[in-house]
Amino acid sequence: MPPESPTPASDSAVAKPRILEVRTQILKKNDELARDLRDRFRAAGCFVVSLVSSPGTGKTEFLKQTLIRLQERGGLKIAALVGDLRTDNDAARLAESGVDVRQIETGTMCHLEADMVERAIEEASWDCDDLDLLFVENVGNLVCPSGFDLGEDLRLVLVSTTEGEDKPLKYPTIFNTADVAVITKMDLAEVLEYDAEKMQNSIQDVRPGMRAFEVSAKSGQGMDEWIQWLTDQAS
């Protein structure tokens, strides 16, 4: 009996690489769950905002000041999730705002996924019908979070005056998956000789028409404008 013929070279050449197949399946599963989450949030009337940035941008302080100002306005029921590889330090800082906060420890993972958000809400026993706003602070990373939908209504990408005005050009994918940009640490702009026009041009080169707020969580610069815009989006 003749030996079995080997797989033709042309067939093996078109076979999908295993690592790509696994990643495709993971993304498909995440996207399906994110769509379900978004439907649930919207049915409950809960507006969800996620924040992404590199480490050291001041994301947690910006979110803390945002939560404090929203609390001062009153009338909104708010909660927050925050992702980090280790420690609940950021959750403790955000809890100082008076908002209910839960930490998601990701271990070795450099980003949050939709199932982590779903599980954290279940473990916190939060009823989305009781929430007007839910914030999700992602792990500090400008690469991996871009590929994972979390079911949010609005994604913020933050970049600080300390990072260089060409940051959007270096990380275009994350800016293209975000809805709005926030430029932080404006109180340091003068001493850093920060070029506001160059930063805005970098953002517009990557994402034409993208709204970009200039803020300082420390001095309060730009925070009122940001809060008003956010509440308009959520209403």
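Basis for what follows: all heavy atoms, side chains included, without hydrogens, waters or symmetry-related copies.
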For this session: Quick one: name the residues clustered hydrophobically with I68, using the 4.5 Å side-chain heavy-atom rule over I, L, V, M, F, W, Y, and just say none if it's on its own.
Result: none
Exercise. Under the ring pair (Phe, Tyr, Trp, His ring centres under 6.0 Å) test, which residues partner F175, sequence neighbours left out?
Worked result: none
Problem set entry | Pairs involving residues 202-220, ordered by first then second residue, that meet salt bridge (charged side-chain N to carboxylate O under 4.0 Å, His left out) (sequence neighbours left out) | R211-E225
Exercise. What pairs meet the side-chain hydrogen bond (donor to acceptor under 3.5 Å, both in side chains) rule with one or both residues in residues 166-181, with sequence neighbours excluded?
Worked result: R155-T177, E163-K167
For this session: Hydrophobic side-chain clustering at under 4.5 Å (ILVMFWY, transitive links): who's grouped with V191? Put none if nobody.
Result: L188, L192
Seminar exercise, completed: Sorted by chain and number, sequence neighbours left out, side chain to side chain donor-acceptor pair (under 3.5 Å) with R40 holds for E118
Problem set entry | Selection residues 66-75 - residue pairs positive for salt bridge (charged side-chain N to carboxylate O under 4.0 Å, His left out), sequence neighbours left out | R69-D224
Problem set entry | Partners meeting side chain to side chain donor-acceptor pair (under 3.5 Å) with N141 (sequence neighbours left out) | none
For this session: With sequence neighbours excluded, tell me which residues meet ring pair (Phe, Tyr, Trp, His ring centres under 6.0 Å) with F41.
Result: none
Seminar exercise, completed: Contacts of E61 meeting side chain to side chain donor-acceptor pair (under 3.5 Å) (sequence neighbours excluded), chain-then-number -> Q65, R93
Seminar exercise, completed: Residues pairing under side-chain hydrogen bond (donor to acceptor under 3.5 Å, both in side chains) where one sits in residues 120-132, two or more places apart or in two chains, turn out to be D100-W126
For this session: State which residues pass side chain to side chain donor-acceptor pair (under 3.5 Å) with T106; sequence neighbours excluded, sorted by chain then number.
Result: none
